[in-house]
Every structure is written in structure tokens, then in C-alpha cells.
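Only one structure is covered here, and it is reproduced in the block below.
Note that ligands are numbered from 1 as they come in the structure, with each ligand's atoms numbered from 1 the same way. For this chain, numbers begin at 1 and follow the sequence in order.
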Amino acid sequence: MSVQNMNGTKVKPAKETLPEVEVESNGNGHKMYSYEMLEEIANFLLTKTNIRPIIGIICGSGMGSLADTITDAERIPYEEIPNFPTSTVEGHHGQLVFGRLGEVPVVAMQGRFHYYEGYPLWKCCLPIRVMKLLGVKTLMATNAAGGLNPSYKIGDLMIVTDHINLMGFAGNNPLQGPNDERFGPRFPPMNKAYNYEYRKIAKKVAKELKLDNIIREGIYTCLGGPNFETVAELRMLKMVGVDAVGMSTVHEVITARHCDMKVFGLSLITNECITNYEVEAEANHEEVLDVGKMRQDLLREYISRLVHEFSKV
Ligand SMILES: O=P(O)(O)O[C@@H]1C[C@H](O)[C@@H](CO)O1
């Protein structure tokens with residue numbers, strides 16, 4: 001469901017969030033959930049489905065239809081999950097979909113949480129830890145992103161080789177606050193964030209599907225949003241080697257690696273980053289959603305094949 005804002009743009013109506021349970025502060029005044037609370041959420045989900053997922057998929061903006069190919073699907077709206085955040089962004093449905101892709105048991109997030117929605121980073125990433133507690137071994141994080149690399153075209157798919165944690169440079173990190181060793185170490189390494197084997201497989205599968213002309217590899221960065229970037233900001237990001245710009249994924253990947261999940265990242269290039277003041281066009285969310293729709297069949301096929309191949313590794 002959507003309503004129109006003052007500019008006539010479609011937005012999701014504001015929803016009341018479930019009451020937050022206070023456990024401990026991460027030093028920034030945000031109340032964090034304990035291991036036990038996350039376990040409670042996972043146990044709740046395990047009572048709602050017989051599926052025991054080994055791969056978790058996050059659907060990027062406008063890419064929710066990735067979850068529509070899941071068979072034996074059991075859908076659990078975020079509103080029904082105790083102490084779970086809710087989705088507020090158009091193009092993010094707001095439910096977990098448990099089921100199978102081929103023979104592989106999976107869970108998909110049809111709707112992720114963004115920092116700009118008002119959630120602290122640890123809360124944006126809460127579902128990743130819940131996935132871990134459900135038994136998920138591999139995270140496939142997809143996103144919509146602006147193409148900064150001048151050779152990228154709208155509709156290209158970028159296998160993420162690495163990221164630059166710009167929000168982390170400013171001291172904002174999902175792992176901030178007391179560390180619970182049951183998830184992972186205080187100081188996790190991040191030099192192998194995006195699994196090398198998966199990236200090789202993703203390139204091989206792309207070739208088999210004749211996607212050579214649209215498949216890319218590159219570096220992603222996440223900004224806090226919700227505004228798109230200025231020309232000067234994009235020029236700076238280009239200088240430091242960023243290929244694609246978005247508003248998610250980085251903190252999710254950090255959280256997943258912290259608890260030893262293997263990670264694959266895929267960006268759908270939905271728009272060209274504008275690095276020139278003479279250009280008339282402006283970035284907009286509608287275009288992002290449209291490109292997601294345009295690529296939905298291809299993405300479904302590609303992700304299904306990858307799930308099959310990754311499950312064998
Ligand atoms: O959830 P993702 O990162 O795929 O969504 C991107 C970033 C913003 O949420 C939105 C802007 O159009 O798309």
C-alpha cells in the first residue's frame with residue numbers, strides 16, 4: 001500500500017513500530033538487543049516454518065520479485081515478528097519468505113532496513129544475526145546502486161569485489177558497542193569480505209547465461225542517504241576508486257562476516273551517477289524501481305542458478 005506525499009511521490013504510510021526492549025546501550029544512546037533476544041526472534045520464526053534455510057537473500061530496492069520464485073513459500077510479515085523493525089520504503093515489501101530455490105532451503109528478506117529510515121546500523125543488520133541463528137551459512141546481499149564507473153550502463157549487474165565503509169570512516173559501525181563473542185570477535189578481519197569462490201562461480205554462471213555484456217565487477221560504497229549525492233561528492237568517490245554507490249549492504253556484510261557467514265554481493269546498476277553540472281537529469285527512486293522491474297526475470301534466473309551452485313561449495 002502507498003500514499004502520495006506533498007510532491008505527489010508514492011511513499012509507504014508511516015507504521016508504528018513494535019516497542020523496543022531495552023537491553024544495553026552501545027554508547028550512543030541506542031538500545032541494543034541481546035543475544036538471547038535475537039535467539040527469541042529466531043525461535044519464534046522456527047515455530048512458524050519447517051524450512052531450515054542455509055542461504056539468506058536480501059532483495060534490493062525494486063528487486064523483491066527475486067523472492068517470488070521461491071517454492072513452498074511461507075511468508076512472515078515483519079509486523080508479525082516480535083521486536084523486528086518494519087519496512088518504510090517503497091519497493092521494500094516487508095516480509096520474510098521461507099522456502100526453496102530448486103532443492104535449496106532459503107530465506108529471503110523482501111525489504112531491508114536502511115539507516116535513513118531512522119534505524120541505527122545494528123538494527124538495520126539485526127535480521128542477519130537472526131539468519132545466523134536460524135542456521136544460514138551464506139548471505140546473498142543484492143542492492144540497487146548508481147553506476148559511477150563511466151563504463152557502466154543502466155541495467156548492468158556488478159559482482160561486488162569489495163566495499164569502502166564510508167560510514168565507518170565517520171565512526172558509525174554496526175558492531176559498535178559491547179561485543180558478544182557468541183557472534184564473533186571484537187576485531188573481525190574484513191579483507192575477505194566478499195567470498196572469492198562465489199565471485200568466480202558468479203562469473204562462470206554469468207557466462208553460461210550469456211550475460212557477459214552486462215556483468216561487471218567492482219567496488220561498492222554506502223552513504224547514509226536518503227538524499228542522492230552531489231556532483232562534488234560523486235567526483236570524490238570516483239577518485240577513491242568507487243564503482244557503484246548505494247545506501248545499504250556494507251553494514252550488512254560487516255555483520256555477516258563478523259558471525260562467519262560467507263558473503264556474495266550483487267549490485268543492479270539502476271541509474272548513472274551524475275558527475276557533471278551540465279546534465280539536466282536528476283537521480284530518482286522511481287527510475288531505481290523501474291530498472292528493478294526491467295531486470296526482474298534475468299535476476300531471478302541468475303540468483304536461482306547461483307543459489308544452486310553456492311549450495312554445492
Ligand atoms: O535497498 P537498496 O540499497 O537496494 O536501495 C537503494 C538505496 C535506496 O534505498 C534506494 C534509492 O533509490 O535504492
Side-chain angles (χ1 to χ4, degrees), residues 2 5 7 9-12 56-67 78 85-97 108-119 121 123-128 139-148 152 154-160 163-167 174 194 218-230 233-234 237 242-256 263-274 281-296 299-300 302-303:
S2 63
N5 71 6
N7 305 323
T9 309
K10 278 204 264 168
V11 294
K12 280 200 171 184
I57 302 165
I58 305 179
C59 304
S61 278
M63 298 158 83
S65 76
L66 277 177
Y78 294 159
T86 51
S87 284
T88 66
V89 186
E90 188 71 18
H92 290 263
H93 199 86
Q95 60 183 9
L96 290 180
V97 185
M109 286 180 72
Q110 251 182 347
R112 62 150 52 90
F113 307 113
H114 305 86
Y115 189 66
Y116 63 77
E117 293 176 77
Y119 297 119
L121 285 185
K123 201 164 195 179
C124 295
C125 304
L126 173 157
I128 317 298
L139 177 71
M140 296 176 76
T142 69
N143 60 59
L148 187 55
Y152 289 5
I154 291 175
D156 282 354
L157 297 178
M158 186 188 86
I159 297 167
V160 183
H163 68 225
I164 296 178
N165 180 14
L166 271 183
M167 292 171 77
Y194 298 84
I219 293 171
Y220 174 90
T221 199
C222 161
L223 302 178
N227 61 282
F228 291 101
E229 303 72 38
T230 66
E233 286 163 351
L234 289 169
L237 294 175
V242 170
D243 296 298
V245 185
M247 303 178 197
S248 67
T249 306
V250 169
H251 36 279
E252 297 162 350
V253 170
I254 290 172
T255 304
V263 170
F264 176 71
L266 188 72
S267 298
L268 171 63
I269 304 302
T270 52
N271 55 290
E272 203 179 296
C273 288
I274 300 167
E282 289 179 315
N284 64 87
H285 190 53
E286 282 66 39
E287 180 183 20
V288 170
L289 299 183
D290 287 349
V291 176
K293 206 166 280 169
M294 173 186 103
R295 280 291 188 230
Q296 68 180 10
L299 274 167
R300 283 176 184 162
Y302 188 44
I303 293 291

- Under 4.0 Å to a heavy atom of Val288 - the qualifying atoms of ligand 1, by number: 12 (O), 13 (O)
- Stepwise, does the side-chain hydrogen bond (donor to acceptor under 3.5 Å, both in side chains) test hold for Asn143 with Ser248? CA-CA 7 Å; Asn143 60 59; Ser248 67; 4.7 Å; no
- Short N or O distance, Arg112 and ligand 1, threshold 3.5 Å exclusive: yes
- Item | Which of the ligand 1 atoms, numbered from 1, are nearer than 4.0 Å to a heavy atom of Ser248 | 2 (P), 3 (O)
- Message: Counting the benzene-type ring for Trp, do Tyr78 and Phe113 have ring centres under 6.0 Å apart?
- Response: yes
- Task: Test Leu266 against every option in Thr249, Val160, Leu299 by the side-chain contact (heavy atoms from CB on, under 4.5 Å) rule and name the one that passes.
- Result: Leu299
- Is a donor on one side and an acceptor on the other found under 3.5 Å between the side chain of Asp243 and the backbone of Ile219? yes
- atom 5 (O) of ligand 1 has as its nearest protein heavy atom Ser61 OG, 2.7 Å
- Item | His285 side chain vs Glu90 backbone, donor-acceptor pair below 3.5 Å | yes
- Task: Without swapping roles, check the side chain of Asn284 against the backbone of Glu282 for a donor-acceptor pair under 3.5 Å.
- Result: yes
- Message: Looking only at protein heavy atoms, which one is nearest to atom 9 (O) of ligand 1, and what is the separation?
- Response: Tyr116 OH, 2.6 Å
- Taking non-hydrogen atoms only, is Asn143 closer than 4.0 angstrom to ligand 1 via side chain, backbone, both or neither? both
- Item | Ligand-residue contact atoms, ligand 1 with Gly60, heavy atoms, under 4.0 Å | 4 (O)
